Engineer: 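Below is one structure. I have some questions about it.
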Amino acid sequence: MDPRLREDDKYSNEHSDMLDIQKIRQDFPILHQQVNERPLVYLDNAASSQKPIQVIDAVADYYRKDNANVHRGVHRLSQRATDAYEASRSKVRNFVNAQSDKEIVFVRGATEAVNLIAQSFVRPKLNAGDEILISHMEHHANIVPWQMLCEQTGAKLNVIPMNLEGELDLSTFDELLTDKTKILAVGHVSNALGTINPIKDMIAKAHAKDIPVLIDGAQAVPHMEVDVQDLDCDFYVFSGHKMFAPTGIGALYGKQDLLEAMPPWQGGGDMILSVSFEHTQYNELPYKFEAGTPHIAGAIGLGAAIDYMQGLGIANLAQYEHDLLVAATEKVSAMDGVRIIGTAKEKASVLSFMIEGVHPHDVGTIFDQQGVAIRTGHHCAQPVMQFFGIPATARASFAFYNTMEEVDALVMSIQKVQELFA
Ligand code: C6P
């Protein structure tokens, strides 16, 4: 247990009527350990979040009691595994407020989902000279699949610019949506900057020109309520491991009529109704897009993570995390010699920064010596680094199990770096 947490819990008490953070922290066994003889302060949630015991138990229980392949066996274990797997699909459907379970495809994560849409939805309708529109602040997962597609087809990649605050500059957005644009693919929340993009307006503008929209929600779903029907996006993708679920599982939401019209991406078992050497009939949605044995335990863990978040109230989590980010931003921006990268008005979870005269990798190493885990590097968003003319940033990213005392630990670690490099 972190002594700093017991010494001073005045901040946590401010929120105790909404969330009992100390009680929540008891659900996350990994948080209660020492790193370099200091209590662990885990501020690398944008890279991957920690898992509550409820998720760990759901995965372990599946392997202990129900482990079998899904959709294949008449025996009891296979039926139980199938029921649990499909129940998780319904939880994901409810989590993003999709209309039907058929609109939820289990994938490995956001990366796989973007590749699936690039190859299965966009590629068949793409000709040389057509355009794909992304933004300057995308994660590589929402850049490279489109670049590959452009190389394969002779299509052109266009980029929505951004400004020095790290907000999208939408002054040319209307002109970038042309009659050649075959998809707009944009992030809901930037992983490098924390910017929350105005996607609802952007989707409406794209739709006014009949352009379909994919939203990369990898950094949004852990931090806010998402309603795909309200957004009216055509596709929404995310990874489980950033929202307290296991690695190797994620979801693709797609409007049913669009998914129906798409060819399958990968072929194999489970995505077929019948196979002969002359003809294969594909399975119905969503199985048409789930070739091979899926990550059953992962899907069950994702369902448990959704139960956990919804049990606490996603709006409560969002409010609490917002308070953490505001406090961290105020404290860090008051420090001399520290520059925050990404100062958008609307932000979630992420505080990227540079300490004058110190390479971010050295910052990360000294933080680790203090027991504080942050990510340093380009965060798989190299165009963002190029825009700001920097090689890398140090990035603290918050989850609802973080505390105001951990915000103070962040500040103290920055001070330690400055002392060592003075
Ligand atoms: N960002 C980060 O430290 P995968 O690897 O498929 O689970 O998620 C890819 C991805 C897609 N979009 C966004 C906005 C992301 O942030 C990520 C993953 C991690 O920021 C690992 S690079």
Side-chain angles (χ1 to χ4, degrees), residues 42-51 92 96 105-119 134-148 159-160 162 166 168 184-197 199 202 213-224 226 233 235-253 265 295 298-299 301-302 305 325 341-342 344 346-353 360-361 364 367 373-385 392-399:
Y42 188 79
L43 299 178
D44 194 17
N45 296 286
S48 204
S49 61
Q50 300 304 346
K51 323 303 172 200
V92 175
V96 295
V105 177
F106 282 124
V107 287
R108 278 194 296 140
T111 304
E112 186 174 55
V114 175
N115 280 277
L116 192 163
I117 296 304
Q119 292 299 326
I134 62 170
S135 91
H136 201 120
M137 66 177 75
E138 297 312 312
H139 183 279
H140 296 167
N142 201 26
I143 301 175
V144 183
W146 305 115
Q147 272 176 333
M148 290 164 62
V159 180
I160 306 165
M162 66 178 186
L168 290 182
L184 165 66
V186 69
H188 196 166
V189 174
S190 156
N191 71 315
L193 303 166
T195 313
I196 303 175
N197 288 318
I199 55 165
M202 295 172 75
V213 185
L214 174 143
I215 301 296
D216 172 1
Q219 296 292 349
V221 286
H223 307 294
M224 63 185 69
V226 170
C233 53
F235 303 103
Y236 195 99
V237 308
F238 59 93
S239 301
H241 69 97
K242 295 182 198 292
M243 51 169 287
F244 321 103
T247 51
I249 189 73
L252 158 68
Y253 157 79
W265 184 41
H295 186 5
L302 179 58
L325 183 62
I341 306 292
E346 301 289 334
K347 283 185 63 174
S349 176
V350 167
L351 188 71
S352 262
F353 58 94
H361 288 277
F367 268 57
I374 57 167
R375 183 170 173 191
T376 59
H378 53 62
H379 315 298
C380 302
Q382 283 186 338
V384 172
M385 304 300 128
T393 73
R395 182 187 71 180
S397 52
F398 301 97

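Whatever order the structure lists them in is the order used to number ligands and atoms, beginning at 1. All figures in this text were calculated on a predicted structure; none of them were measured in a lab.
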Engineer: Checking a contact table here: which protein heavy atom is nearest atom 15 (C) of ligand 1, and how many Å away?
Structural biologist: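 Checked against all protein heavy atoms, atom 15 (C) of ligand 1 sits closest to His139 CD2, 3.3 Å.
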Engineer: Using a 4.0 Å cut-off to any heavy atom of Asn191, which atoms of ligand 1 qualify?
Structural biologist: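 In order of numbering, the contacting atoms are 2 (C), 16 (O), 20 (O).
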Engineer: Among Thr111, Val189, Ile143, which residue places a heavy atom closest to atom 9 (C) of ligand 1?
Structural biologist: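 It is Thr111 that holds the nearest heavy atom.
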Engineer: Mark the output for Gly187 as yes if a heavy-atom distance to ligand 1 is under 4.0 Å, and as no if none is.
Structural biologist: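 Contact absent.
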Engineer: Taking only heavy atoms of Cys380, which atoms of ligand 1 are found under 4.0 Å from at least one of them?
Structural biologist: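 Close to Cys380: 22 (S).
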Engineer: Can you confirm whether or not the ring centre of His140 sits under 6.0 Å from the ring centre of His378?
Structural biologist: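 For His140 and His378, the ring centres are under 6.0 Å apart.
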Engineer: Do you know which two heavy atoms are closest between Trp265 and Glu112, and how far apart they sit?
Structural biologist: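 Scanning both residues completely, I find the closest heavy atoms to be CZ3-CG, 3.5 Å.
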Engineer: When you look at Met162 and Leu193, which way does the side-chain contact (heavy atoms from CB on, under 4.5 Å) test go after all the steps?
Structural biologist: CA-CA 11 Å; Met162 66 178 186; Leu193 303 166; 4.1 Å; yes
Engineer: So which of Met224, His223, Met137 actually passes side chain to side chain contact (heavy atoms under 4.5 Å, CB included) with Val189?
Structural biologist: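 Among Met224, His223, Met137, the one meeting side chain to side chain contact (heavy atoms under 4.5 Å, CB included) with Val189 is Met224.
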Engineer: Measure the acute angle between the ring planes of Phe353 and Phe367, then classify it against the limits of 30° and 60° as parallel, tilted or perpendicular.
Structural biologist: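 Ring orientation, 0 to 90° scale: tilted.
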Engineer: Does at least one non-hydrogen atom of Arg395 fall below 4.0 angstrom from an atom of ligand 1?
Structural biologist: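 Heavy atoms of Arg395 do come under 4.0 Å of ligand 1.
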Engineer: Does ligand 1 have a heavy atom under 4.0 Å from the side chain of Lys242, from its backbone, from both, or from neither?
Structural biologist: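 For Lys242, the contact with ligand 1 is made by the side chain alone.
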Engineer: Of all the atoms in ligand 1, which lie at a distance below 4.0 Å from a heavy atom belonging to Gln219?
Structural biologist: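 Checking each atom against Gln219, I get 1 (N), 14 (C), 15 (C), 16 (O), 20 (O).
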Engineer: With side chain to side chain contact (heavy atoms under 4.5 Å, CB included) as the test, pick out the partner of Ile134 among Val186, Leu214, Ile143.
Structural biologist: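 It is Ile143; the other options fail the test.
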Engineer: Among Gly109, Ser239, Ala47, Gly377, which residue places a heavy atom closest to atom 4 (P) of ligand 1?
Structural biologist: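 The residue whose heavy atom sits nearest atom 4 (P) of ligand 1 is Ser239.
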Engineer: Show, in sequence, the C-alpha distance, side-chain angles and deciding distance for Val226 and His188, and conclude whether the side-chain contact (heavy atoms from CB on, under 4.5 Å) test is met.
Structural biologist: CA-CA 10 Å; Val226 170; His188 196 166; 4.2 Å; yes
Engineer: Any non-hydrogen atom of Asp216 lying under 4.0 Å from ligand 1?
Structural biologist: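 A heavy atom of Asp216 does come that close to ligand 1.
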Engineer: Against heavy atoms of Ala218, which atoms of ligand 1 measure under 4.0 Å?
Structural biologist: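 The list of qualifying atoms is 11 (C), 12 (N), 13 (C), 15 (C).
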Engineer: Under 4.0 Å from ligand 1, counting heavy atoms only, is it the side chain of Arg375, its backbone, both or neither?
Structural biologist: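 Contact part for Arg375 vs ligand 1: side chain (C-beta onward).
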Engineer: May I ask you to identify, for His241, whether its side chain, its backbone, both or neither come under 4.0 Å of ligand 1 on a heavy-atom basis?
Structural biologist: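 His241 to ligand 1: side-chain contact only, backbone stays beyond 4.0 Å.
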Engineer: Search all heavy atoms of Val350 against all heavy atoms of Ala192 and return the closest pair with its distance.
Structural biologist: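 Minimum heavy-atom separation between Val350 and Ala192: CG1-O, 3.8 Å.
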Engineer: A side-chain contact here means heavy atoms from C-beta on lying under 4.5 Å apart; do Arg395 and Asn191 qualify?
Structural biologist: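 Yes, their side chains come closer than 4.5 Å.
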